[in-house]
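Report on the following structure.
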Amino acid sequence: MGMHHSILHIFSFILSVRCCIPFGNSDIPSYSREQRQKVLQFTSVTPTSINVTWPAWNQDTDVGSGPISKYQIEIREEGQTNFSVFSAGKSLTYLFENLTENTNYEFRLVVFRDHRTHGEGPPSTVQTQRTLPRPPFYRTDNVISFTDVTPTSINVSWPAWNQDTDVGSGPISKYQIEIREKGDPHFRVISAGKSLSYRFENLTENTKYEFRLVVFRNHTTHGEGPPSKVQKQKTLPRPPFHRTDNVISFTDVTPTSINVSWPAWNQDTDVGSGPISKYQIEIREEGETQYRVISAGKSLTYLFENLTENTNYEFRLVVFRDHRTHGEGPPSKVQTQRTLPRPPFYRTNNVISFTDVTPTSINVSWPAWNQDTDVGSGPISKYQIEIREEGETQYRVISAGKSLSYLFENLTENTNYEFRLVVFRNHRTHGEGPASKVQTQRTLPRPPFYRTDNVISFSDVTPTSINVSWPAWNQDSDVRSGPISKYQIEIREEGETQYRVISAGKSLTYLFENLTENTNYEFRLVVFRNHRTHGEGPPSKVQTQRTLPRPPFYRTNNVISFTDVTPTSINVSWPAWNQDTDVGSGPISKYQIEIREQGEAHFRVISAGKSLTYLFENLIENTNYEFRLVVFRDHRTHGEGPPSNVQIQRTLPRHVPSYSQSRSDILEFSDVTSTSINVTWPAWDQATDVGSGPIASYKIQIKERFTDAFRTISVGKSFSYNFENFTEDTEYEFRVVIVSVHPNGEGPPSPTQSSKTPCNEDGRKNANGRLRTKRKIDSKVKQVKGDSSDDSESSVHEEDVRLSLTTPTWKRGKVVVARWQTAERQPSYGAIKKLLNVELKDLDGCPTNSSQMTEAFELRDGAKPTLAPQNLKVEVAGSGMLKFQWTEPPCGGRNGVVTKYQTSFSVQGRELKDTTGGTSKIYFGLKEGDKYTFKVKAETRYGRGPYTYPGCTSVFGTDIC
């Protein structure tokens, strides 16, 4: 029912009162005459609705006066007399719904102002708008027809839409057929154009589908008609066939027959539907085109006979159900079976021979197959020997090739085995002959061994020995038989492959000596009986025993040091035992120092606890004492290590001279060069020093630092000694010994002091660059100042420079005068070679005899280091801390005194640069996983050298450089 009727029921009334309104009143609001003609606009027009809009009444351009209180829109169907009235309030739009399709409607608008008696304005000019015609659709319900229904397809058709008998209006642009499987929420849409049919394929068998039809006309917005009533159609069930491919089985294949069988078609697991009416088996010889059809009824097997030997036949199976048109299922996958050729086999029964039978092996042999005397045909390609333990169902197959024997090993002792032989000929598919008659052979019983696993016991275990014992083999409780002839114990170090074999005879124990400390050894036991070939039993289960760790002791011999030796006391010290460099294992519980007077039989034992020093007092003067050290660890039975090498120290005689302990730095060093050091010391003083004189001589002792032995030089009663031929940039240690005229009058050495030779730096910086000599430096002169290109004489400068001169000693009262002369320029590296003429004059300026010499120098720009610092190392100094250490650049690469170092530390991409006067640097705040890089370079007063390369790059917490 259209909106026309609903409007009339609710709002219908005759506006008869309007004729009484004084329209001539100029204050009543209405639209201007021009605007009143077409004040209404129509949008969103459909078959059942029209949206009406109008402009707001305007005080300036329209008629009458406000203010406006509401708008009233009125509607009637064309041809009716009365309007239906709708108040729109102050809205400027109104949607009319439930209208009649394809019908003209008349509209007018009335404006109201706030006035008790004259508020209603005159209606606007009547305007007409027509609803749209209805899209086309069929009047009948079941418009769709179904034909040619199969398991996977349905043909759908429908009549042409008819303008006279159906609903809506045309012309028709297309038909749209929609389909969905029953239960699906959405339809699949197919455009059929102007066709009146469509064939749906690839559907699911035995399934209900729902269809509906939509008719379209030529219209931009309302061309699609409503869908027709849903109609249902079910696809046919599929004819039956087996789901698996190789459904046919072949048995009892002979040269002339093949038995074919198949499983019953199963409604639950196979394809299609039943009930089954019959099975049809089809056969053809390979290469033929036509199959021979055999109806097997409801039987599940069929025997094909009178076939050709050694021939391929193709088979397929068809299943039938009770159905008039779709009862025959598709044929199964073609399967091929070949009839057998006549294969080769032996005519005799017991063809296999057995030799070399042991508890675990049997050697099997057989004669060659003979074309003339045996059965079948060749040529023979191989022999196959098959074995199984008596009682088993499956044979283990061994291909022996063309060999006529095979050795079976790893068999079970005292057990029957069954053997059979198969002969193969050269044939692509049917070369295998029938197996020979089964023959049986038993393995021998096994030699004796223990029933229990851990038969070996270990006792008296030390760092170098293990005592091994075992029980006697027992006929009643252990395995196999005797009598026992001997026991054999075997040993190997864990990880080795070979055992060392020891015959223990009939003994039940054996002591292994000279073993390695703290090491796992593996042992096993073998029992032998009196038997010519099979008397050796299997080895027992491997058992492991570890030797004890060795008690701790020092690796070096002279581990004890003696200091503060007096006539009645000796201070003894030793280094801490080190797990990494010394022998044995810890942890250390105490040190024991032992002493005896030379010639005594027994040592006196002193426990020093964990201290590394002990002072022996109340000793006898001028007497030899022997010392040795023992290290103890925490262990109940093997905690005491062996004593160290005996070392001897003699107490001083009462009158042995030495310097007073109150005197420090006895030695003084002067004239230190790269190759020499002058050492001086004070005279021994009877009043202030120790011991008694008179003094016979002094001995100066020297060694390079970090080396072991001092070298002794007797200098008589001199108080100085000049050491020469030293190595540059090397630290040396010195001490002095005082010798009196008394027997055994040599006193103890003074405290060790050290001095280091400097680098051989050849020259200094002048006005034009670096001054470097080509010859070794061995004395000092004073450098001249002024312009180096000036050939005139120059005055003396106080800065030291080392030159290699012919006259090594310069006497007092002499003056050095130097003169520069340019020799040549070296363009390859930007240097100027100069000649320096040096002569020695007296105080009056007169040259001395043989005092002039010439030296060649090169003047280069910059005296900065040419090499990087050395021996860069890093260590973790604490939580989140790294300490980097290095040494100076080598002598030849410093070019002067290193004043400081510049460091660069980058962590997680952030670089920190700093300077330091020492040779180490610590950084804080690192976290695990931080990637860092460190490098360092040396700096002299002339500039900076290169960075260390490649420096140190690593990740904190995982590894260090």
Side-chain angles (χ1 to χ4, degrees), residues 358-361 389 408-415 443-553 579 583-587 633-642:
T358 74
T360 59
S361 63
E389 194 170 318
F408 286 94
E409 297 181 294
N410 299 317
L411 304 181
T412 304
E413 61 167 320
N414 202 26
T415 301
T443 53
L444 294 179
R446 200 164 186 182
F449 60 94
Y450 290 94
R451 187 176 299 278
T452 57
D453 283 340
N454 297 325
V455 69
I456 301 172
S457 299
F458 304 101
S459 60
D460 299 329
V461 180
T462 74
T464 60
S465 64
I466 299 173
N467 191 64
V468 181
S469 60
W470 54 90
W473 182 85
N474 190 315
Q475 179 79 39
D476 299 326
S477 59
D478 290 319
V479 183
R480 300 310 171 216
S481 59
I484 302 306
S485 61
K486 71 172 180 178
Y487 297 94
Q488 178 176 290
I489 185 71
E490 299 177 2
I491 182 176
R492 70 178 176 189
E493 192 170 319
E494 191 174 54
E496 291 182 344
T497 56
Q498 299 295 323
Y499 281 91
R500 180 160 58 93
V501 175
I502 305 294
S503 176
K506 293 188 176 181
S507 175
L508 301 177
T509 182
Y510 188 83
L511 176 62
F512 287 93
E513 297 181 295
N514 299 317
L515 304 181
T516 304
E517 63 166 318
N518 200 27
T519 301
N520 280 335
Y521 284 89
E522 295 175 341
F523 300 85
R524 65 185 187 185
L525 185 67
V526 179
V527 186
F528 284 76
R529 65 169 178 169
N530 288 322
H531 192 279
R532 182 175 56 85
T533 57
H534 296 88
E536 179 178 351
S540 67
K541 178 185 175 183
V542 173
Q543 292 176 248
T544 302
Q545 175 63 45
R546 192 177 189 90
T547 53
L548 293 180
R550 200 164 184 184
F553 62 94
Q579 179 81 39
V583 181
S585 60
R633 62 169 179 165
D634 287 326
H635 194 278
R636 183 173 56 84
T637 58
H638 294 83
E640 179 178 352

- Task: Taking all heavy atoms of S507 and all of Y487, pick out the closest pair and write down the distance.
- Result: O-CD1, 3.7 Å
- Taking only residues two or more places apart in sequence, or in another chain, which ones meet T358 in a side chain to side chain contact (heavy atoms under 4.5 Å, CB included)? T360, S361, H534
- With R546, which residues qualify under side chain to side chain donor-acceptor pair (under 3.5 Å), at least two apart? N518, N520
- Item | Atom pair CZ (F458) and CD (Q543), whose distance is rounded to the nearest 0.5 Å | 5.0 Å
- Query: Who pairs with E493 by salt bridge (Lys or Arg N to Asp or Glu O under 4.0 Å), at least two apart in sequence or on another chain?
  - Reply: none
- Message: Just to verify, what does P642 make a side chain to side chain contact (heavy atoms under 4.5 Å, CB included) with, not counting sequence neighbours?
- Response: F553
- Message: Please find the pair of heavy atoms, one from T519 and one from Y521, that lie closest to each other, and give the distance.
- Response: O-CD1, 3.4 Å
- Task: Please name the pair of heavy atoms, one in P463 and one in P549, separated by the smallest distance, quoted to 0.1 Å.
- Result: CG-O, 3.7 Å
- Working to the nearest 0.5 Å, report the span between CD1 of I456 and OH of Y450. 9.0 Å
- Sequence neighbours left out, what passes salt bridge (Lys or Arg N to Asp or Glu O under 4.0 Å) with E536? Give chain and number order. none
- Query: S469 versus L508: any side-chain heavy-atom pair under 4.5 Å?
  - Reply: no
- Message: Under a 3.5 Å distance rule, please check whether T452 uses its side chain to pair with a backbone N or O of N454 as donor and acceptor.
- Response: no
- Item | Residues that I502 engages under side chain to side chain contact (heavy atoms under 4.5 Å, CB included), provided they are two or more places apart | I489, R500, Y510, F512
- Min side-chain heavy-atom separation L511-D460 under 4.5 Å: no
- Separation between CD (Q475) and CD1 (I484), nearest 0.5 Å, reads 8.0 Å
- Item | Gap between atom CH2 of W473 and atom CZ of R451 - 0.5 Å precision | 10.0 Å
- Non-neighbouring partners of S459 that pass side chain to side chain contact (heavy atoms under 4.5 Å, CB included), sequence neighbours left out: N467
- For R524, what residues pass the salt bridge (Lys or Arg N to Asp or Glu O under 4.0 Å) criterion, not counting sequence neighbours? E490
- Query: Looking at residues at least two apart in the chain, or sitting in another chain, which of them share a side chain to side chain donor-acceptor pair (under 3.5 Å) with S585?
  - Reply: R633
- Residues in salt bridge (Lys or Arg N to Asp or Glu O under 4.0 Å) with R492, at least two apart? E522
- Closest approach of V542 to Y499 (non-hydrogen atoms, all atoms of both residues): CG2-OH, 3.2 Å
- Inter-residue atom distance T544.OG1 - F523.CZ, 0.5 Å rounding: 8.5 Å
- Query: Step by step, would you call L515 with I491 a side chain to side chain contact (heavy atoms under 4.5 Å, CB included)?
  - Reply: CA-CA 11 Å; L515 304 181; I491 182 176; 4.2 Å; yes
- Query: Considering only heavy atoms from C-beta outward, does the side chain of T412 approach that of T443 to under 4.5 Å?
  - Reply: no
